[in-house]
Amino acid sequence: MSRTPASRQDQIVKLLSAAFYALSSFLIIVVNKTVLTNYRFPSFMFLAVGQMAFTIIILYLAKVCKAVSFQDFDKSLPRKIFPLPLLYVGNHVTGLGSTKKLSLPMFTVLRKFTILLTMIMESKILRTTFSPQLVCSVLAIVFGALIAASSDLAFDAEGYTFVLLNDVFTAANGVYTKKKLGVEGLGKYGILFYNAFIIIIPTALASAYTGDLEKAIAFKGWLSLSFILYFLLSCAMGFVLMYSIVLCSYYNSALTTTVIGAVKNVAVAYIGMFFGGDYVFSWANFVGLNICITGGLVYSYLTFQSSSSAQTTNQEEDKLRVPVVEELQDRAEKRPLTAV
């Protein structure tokens, strides 16, 4: 079945935005893991502030140069964007905290629960329905995650708490981002800018209150050029990741964005077995991880197949509709005029 140039272009844009998000998500995990674990940087909250500051500076300069556009701040904006700023900072802080506390494979396994949470929230908030096959594939992912997590010999209660909270914030952030993208005046860049703009000061104050800021300032790694480069790279990747999430959600659904993250975790999980040096092998963990991966791949296949089938069906309906309309027009032209 041939596709029109417009439909092919839309499909390419969807796939490219999804691939961009997958690559960005993979790279920032590696960079953050290097900063927080390899260099032992003690302040993940301060790193989050750096990522927010980078986002504000880049988008403000782009707006001044008229490269992007979004509405100026007014009293209606907090109502338009709420609760995204709260979800944004929660996602940032818990994500960085869990990256520091857990090994890469266990981090990616426990992040699988984001898919189930996204499905539940999208069905409740956006009124989306899902096929039984998709639901079964999600349950398989969760089952595999439970098996893998049950054998984690490097159990860290604080790390598990952070990553499960991160799952909740990520799912809610994805669903509400999709919902807010349709709000007039915000758009992709407005959501990114005002999310960071609204919560950077409270996050900085929280960092100072908890002693996180003091640890960051006293860190001896600031004398290392390589650490500074990795820190700046992490700040830049924080912006790139948030932009890729919004872009993928704009062209796809919130659930598709989450699925892409799960598929990306296939590479992260296996690389984490050799990179970082903190993976503790066990058969239960390995089997559970592969169940997660299999469920994620099946889920991705069903999602994109469903999207492609729906698009093909719409094209067939359009093709059938055209001859009917032409026939009615021909009949109208041939019909004799009656005298009044």
Side-chain angles (χ1 to χ4, degrees), residues 5-28 31-32 46-93 95 170 172-204 228-254 256-257 260-261:
S7 65
R8 284 197 299 268
Q9 185 176 2
D10 291 342
Q11 196 70 8
I12 290 173
V13 170
K14 289 181 177 182
L15 291 174
L16 287 178
S17 64
F20 177 46
Y21 164 59
L23 179 62
S24 302
S25 183
F26 169 73
L27 290 177
I28 196 172
V31 173
N32 286 343
F46 182 81
L47 183 58
V49 172
Q51 292 176 350
M52 295 172 201
F54 190 93
T55 299
I56 293 171
I57 293 171
I58 290 296
L59 288 179
Y60 178 77
L61 292 176
K63 181 177 172 65
V64 170
C65 297
K66 300 187 183 301
V68 301
S69 62
F70 49 88
Q71 78 169 70
D72 296 328
F73 188 86
D74 58 37
K75 62 181 181 181
S76 69
L77 197 136
R79 176 181 54 82
K80 287 182 178 181
I81 202 169
F82 186 82
L84 275 182
L86 298 178
L87 301 175
Y88 178 87
V89 69
N91 190 28
H92 245 76
V93 172
T170 301
N173 186 67
V175 172
Y176 275 101
T177 295
K178 182 66 176 179
K179 185 176 182 179
K180 297 295 182 179
L181 280 169
V183 176
E184 183 180 358
L186 283 180
K188 301 186 292 291
Y189 304 108
I191 287 176
L192 286 173
F193 180 83
Y194 288 114
N195 267 342
F197 180 78
I198 290 173
I199 48 84
I200 186 172
I201 294 178
T203 306
I228 293 175
L229 291 176
Y230 268 105
F231 183 86
L232 294 177
L233 180 60
S234 177
C235 292
M237 285 304 303
F239 163 72
V240 173
L241 175 65
M242 295 310 300
Y243 176 69
S244 68
I245 291 174
V246 172
L247 194 68
C248 188
S249 298
Y250 180 78
Y251 289 110
N252 300 281
S253 67
T256 299
T257 303
I260 296 302

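Only this structure's heavy atoms are used, side chains among them; waters, hydrogens and symmetry mates stay out.
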OH/Y60: more than 12 non-hydrogen atoms of other groups inside 6.0 Å:
no
With heavy-atom distances below 4.5 Å as the criterion, would you say the side chains of M242 and N173 are in contact?
yes
Between V49 and I200 the two heavy atoms that sit nearest each other are O-CD1, 3.9 Å
State, with a plain yes or no, whether a side-chain heavy atom of F54 is found less than 4.5 Å away from one of L232.
no
Do you know which two heavy atoms are closest between G190 and I81, and how far apart they sit?
O-CD1, 4.3 Å
Contacts of D74 that satisfy salt bridge (Lys or Arg N to Asp or Glu O under 4.0 Å) - sequence neighbours left out
none
Sorted by chain and number, sequence neighbours left out, side-chain hydrogen bond (donor to acceptor under 3.5 Å, both in side chains) with T177 holds for none
Would you mind reporting whether Y176 and P83 have side-chain heavy atoms less than 4.5 Å apart?
yes
Can you list the residues that meet the side chain to side chain contact (heavy atoms under 4.5 Å, CB included) rule with V240, with sequence neighbours excluded?
F20, S24, M237
Look up atom OG in S244 and atom CD1 in I28, then write down how far apart they are to the nearest 0.5 Å.
8.5 Å
Any donor-acceptor N/O pair, K178 side chain to S249 backbone, under 3.5 Å:
yes
CZ of F46 to OG1 of T203, rounded to nearest 0.5 Å, is 12.5 Å
Applying side chain to side chain contact (heavy atoms under 4.5 Å, CB included), name anything that partners A19, two or more places apart in sequence or on another chain.
none
Dump the intermediate steps for side-chain contact (heavy atoms from CB on, under 4.5 Å) on N195 and I199, then the final yes or no.
CA-CA 7 Å; N195 267 342; I199 48 84; 5.6 Å; no
L16 vs Y251, test: side-chain contact (heavy atoms from CB on, under 4.5 Å). Steps then yes/no.
CA-CA 10 Å; L16 287 178; Y251 289 110; over 6 Å; no
Evaluate the criterion side-chain contact (heavy atoms from CB on, under 4.5 Å) for residue pair F70 and L192; output intermediate values, then yes/no.
CA-CA 10 Å; F70 49 88; L192 286 173; over 6 Å; no
Is the side chain of K80 donor-acceptor paired with the backbone N or O of K180 at a distance under 3.5 Å, no angle test?
no
Rounded to the nearest 0.5 Å, how far apart are CG of L77 and CG of D72?
9.5 Å
Using the side chain to side chain contact (heavy atoms under 4.5 Å, CB included) criterion, which residues pair with K188? Sequence neighbours excluded.
L181, V246, L247, Y250
Output all residues satisfying side-chain hydrogen bond (donor to acceptor under 3.5 Å, both in side chains) with S17, sequence neighbours left out; order by chain, then residue number.
N252
Parallel, tilted or perpendicular: which one describes the rings of Y243 and Y189, with boundaries at 30° and 60°?
parallel
Residues, nucleotides or ligands: over 12 heavy atoms within 6.0 Å of L61 CG:
yes
Assign the ring pair F197 / F193 to parallel, tilted or perpendicular, where the plane angle (0 to 90°) is split at 30° and 60°.
parallel
Is it true that atom OH of Y230 has more than 12 heavy atoms of other residues, nucleotides or ligands lying nearer than 6.0 Å?
no
Would you sort out whether Q51 and S234 count as a side-chain contact (heavy atoms from CB on, under 4.5 Å), showing the intermediate values?
CA-CA 7 Å; Q51 292 176 350; S234 177; 3.1 Å; yes
I need the minimum non-hydrogen distance between V31 and L233, along with the two atoms involved.
CG2-CD2, 3.9 Å
